[in-house]
Amino acid sequence: MFIASILLAAMAPAPGGNVDTTRAAFTKCLRGFVKTSLEAKMPEGEFEISLKSTCETERAAFRAAVVAANRAGGDSAADAADNADMQVDDYHANFTDKYKDYSSSGTMPGE
């Protein structure tokens with residue numbers, strides 16, 4: 001019985017894998033938004049506001065995956081949600097900074 005439990009646990013998908021997949025989808029969407037916003041010459045302030053309402057599906061999936069992984073690791077629901085929100089906020093800040101850098105230098109991100 002003990003060995004069967006270990007085998008079942010080993011075959012279960014790792015929560016981190018889903019986080020990696022959803023993170024990749026979220027950041028890909030954000031990169032696309034940076035590029036189209038640069039092409040449209042969107043003002044930096046407008047970009048910063050718009051960024052928070054773009055990629056909603058990808059952001060929600062990433063946030064849910066982070067919460068699930070943190071809960072699986074033993075975090076409380078509140079701590080897991082706080083951590084997920086902090087990660088989303090960090091991505092928004094990072095991509096806002098990248099946008100400002102590209103915008104001020106007149107360059108475009110690479111593929």
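Computed from a prediction, not measured in an experiment: that's the story for all the values here.
At least one donor-acceptor pair under 3.5 Å links the side chain of Ser105 to the backbone N or O of Asp101.
For an aromatic pair to be called close, the ring centres must be under 6.0 Å apart, and Phe47 with Phe95 fails this.
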Result block: side-chain N/O donor-acceptor pairs under 3.5 angstrom for residues 60-80, not counting sequence neighbours:
residue: Arg63; atom: NE; partner: Asp85; partner atom: OD1; Å: 2.6
residue: Arg63; atom: NH2; partner: Asp85; partner atom: OD1; Å: 3.3
residue: Asn70; atom: ND2; partner: Val66; partner atom: O; Å: 3.3
residue: Asn70; atom: ND2; partner: Asn83; partner atom: OD1; Å: 3.1
residue: Arg71; atom: NH1; partner: Asp75; partner atom: O; Å: 2.8
residue: Ser76; atom: OG; partner: Asp79; partner atom: N; Å: 3.1
residue: Ser76; atom: OG; partner: Asp79; partner atom: OD2; Å: 3.4

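Between Ser37 and Tyr99, the closest heavy-atom pair is O-OH, 3.2 Å. Counting all heavy atoms, side chain and backbone alike, Ala25 lies closest to Glu58 at O-CG, 3.8 Å.
Leu51 and Ile49 are not part of a single hydrophobic cluster, where members link through side-chain heavy atoms under 4.5 Å apart.
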| query | Could you go step by step and tell me if Asp20 and Arg23 meet the salt bridge (Lys or Arg N to Asp or Glu O under 4.0 Å) rule? | reply | CA-CA 5 Å; Asp20 293 342; Arg23 175 183 289 118; 3.4 Å; yes
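Arg59 and Tyr91 are not linked by any side-chain donor-acceptor pair at a separation below 3.5 angstrom, with hydrogens and angles left out of the test.
Using a 4.0 Å cut-off between a side-chain N of Lys or Arg and a carboxylate O of Asp or Glu, Asp97 and Lys100 do not qualify as a salt bridge.
By the 30° and 60° cut-offs, the orientation of the rings of His92 relative to Phe26 is perpendicular.
Inter-residue side-chain proximity for Glu48 and Glu44 is flagged as unmet; no heavy-atom pair is nearer than 4.5 Å. Using a 4.5 Å cut-off on side-chain heavy atoms (C-beta onward), Pro109 and Leu38 make contact.
How far CE of Met42 is from OG of Ser103: 10.5 Å, rounded to the nearest 0.5 Å.
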